[in-house]
Number of protein chains: 2
Amino acid sequence: MKMAELSTVSAVAVATIKFYLRERLLPAGERTSPNQADYTEQHVRRLRLIRGLLDVGGLSVAEAHRVLDALDSEQPLQQIFGVAQAAVSEHIDPASVPASALARVDSVTDGWLVSPDNPGRLAAAQVIASLEAIGHLSARGWVERYAAAALLIAEADLDEIDAIPDREGKAETVVVGTVLGDALFSGLRRTAQEHVSALRYQPGSAAHHHPSLAESP
Amino acid sequence: MKMAELSTVSAVAVATIKFYLRERLLPAGERTSPNQADYTEQHVRRLRLIRGLLDVGGLSVAEAHRVLDALDSEQPLQQIFGVAQAAVSEHIDPASVPASALARVDSVTDGWLVSPDNPGRLAAAQVIASLEAIGHLSARGWVERYAAAALLIAEADLDEIDAIPDREGKAETVVVGTVLGDALFSGLRRTAQEHVSALRYQPGSAAHHHPSLAESP
DNA sequence: GCTATCGGATAGTTACACTATCCACATGAA
DNA sequence: TTCATGTGGATAGTGTAACTATCCGATAGC
């Protein structure tokens, strides 16, 4: 297929596809003449993956590039995990994170097999530090319950990866799960917040959501 | 205190503070003369909150403005919850979300008291749609386990809010918890992923993390 | 032959979050 | 009392990121 078709089938503007080619997010098509190229179904798939990483996962083009490079390489799964994690985490200067916040994270994840420079550990500590600065660091087990839920999610993620037979599928699941999993959980969390909040503050409400019926707010 | 002191004590540049004043994120100081003003400890607190929302929570200035406006108003808690949720969710055109993805979200959250236009519901459906397009939508209960964990987190969030006595404190907890909670969970999730992954693929590893000891990667 | 489309290169646009400069006036130590 | 330093407010400039538009000479297919 030529670029015009790739553009219509993927709903991405031609100029944008050219931009992705330039940035090496999308591999070049097979040249059929000095100024013609042929694109395949693989390009359509890759384009969808790119849009997922950028639009839904919120990655920058540079981060998506790193993640896709790892995916294309023959690296072991653990390495790909690391790259995907680094991509979704902003780079935090370890020196900028107060030791007290790191200590809090470490106490909450006591017994976990985690290297000290895990990007999530630093990110969590930065949040703790910010909560502390604003005076909203809970002493009632809020953070501990977050850690317990994070453990459940990590088990689900690893089970999902284990269930995939081929290495390439595993690798893509690692990337997609890591990047889009955050967004999925955030959405479900907000949904659950409304539910729990309705249960507690409007008990006995008949506002049950029935998706099969047309409703208005 | 004057602006120079506000700047040093909060580690925010004077020009940036002026920018926040201009954008009405930070209330003006009390004028003591035509071109002098006095700032208080409240301004320091607010500045820390702003930096938390922008840097750690990843809000834009416009979103932070909306959230802070809600916080300053006398709105009921439920409304503030809604504003905070809308701020962390990108605005999704409901028409752009495939019905099949929405149906999947609704089936996973079956029995939950949620209005159809909950921003989290749309956001979750968008992720599902993206997973579907890439061909990575799990049929093995991955999404269901995310929903179960989200419910646990929502319970923790509401317990936390319930534990705060005053209305103003509750409101700030709602905002801070909603915005920074996502970031905290993401960080802990990545930490848990490394832990579970190490448990499964390097069983018996002696690489236990002991935060009290100096370690190198 | 002729016109639409192609790839590739280059330059322009938009949005955002600051950041810098100017100005007339105020403050406070020398 | 002087005067360097600091002030609020207005305005304009900067840097980055992600596109988007235009131009070009070269096919493609009728």
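A, B, ... follow the sequence lines: proteins, then strands. Residue 1 opens every chain. Reckoned from all heavy atoms, side chains included, excluding hydrogens, waters and symmetry mates.
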>> Any side-chain N or O of B:Tyr20 below 4.0 angstrom from OP1/OP2 of C:dC18?
In response: yes
> When we call it a touch if two heavy atoms are under 4.0 Å apart, what does B:Ala15 touch: a base, just sugar-phosphate, or nothing?
Replying inline: base
>> Looking only at side-chain N and O atoms, does A:Arg189 offer a donor or acceptor that is under 3.5 Å from a partner on B:Tyr146?
In response: no
>> Heavy atoms from C-beta onward define the side chain here; which of D:dT7, C:dT19, C:dC18 lies closest to that of B:Arg22?
In response: C:dT19
> B:Lys2 near the nucleic acid: base, sugar-phosphate alone, or nothing, with a heavy-atom cut-off under 4.0 Å?
Replying inline: sugar-phosphate
> Under 4.0 angstrom, heavy atoms only, what part of the nucleic acid is A:Leu21 near: base, sugar-phosphate, or nothing?
Replying inline: nothing
> 5'-most contact on DNA chain D: A:Asn35 or B:Asn35, nearest heavy atom basis?
Replying inline: B:Asn35
> Does B:Ser33 put a side-chain nitrogen or oxygen below 4.0 Å from OP1 or OP2 of D:dT7?
Replying inline: no
> Can you tell me if the side-chain N/O atoms of A:Tyr39 get under 4.0 Å from OP1 or OP2 in C:dG7?
Replying inline: yes
> Rounded to the Å, how far apart are A:Leu53 CG and D:dA17 P?
Replying inline: 18 Å
>> Applying a 4.0 Å non-hydrogen cut-off, can you work out what B:Ala37 is touching in the nucleic acid: base, sugar-phosphate, or nothing?
In response: sugar-phosphate
> So what does A:Ala13 hit on the nucleic acid, given a heavy-atom distance under 4.0 Å: a base, only sugar-phosphate, or nothing?
Replying inline: nothing
>> What is the separation between atom CD on A:Gln36 and atom P on C:dA4, rounded to the nearest whole Å?
In response: 16 Å
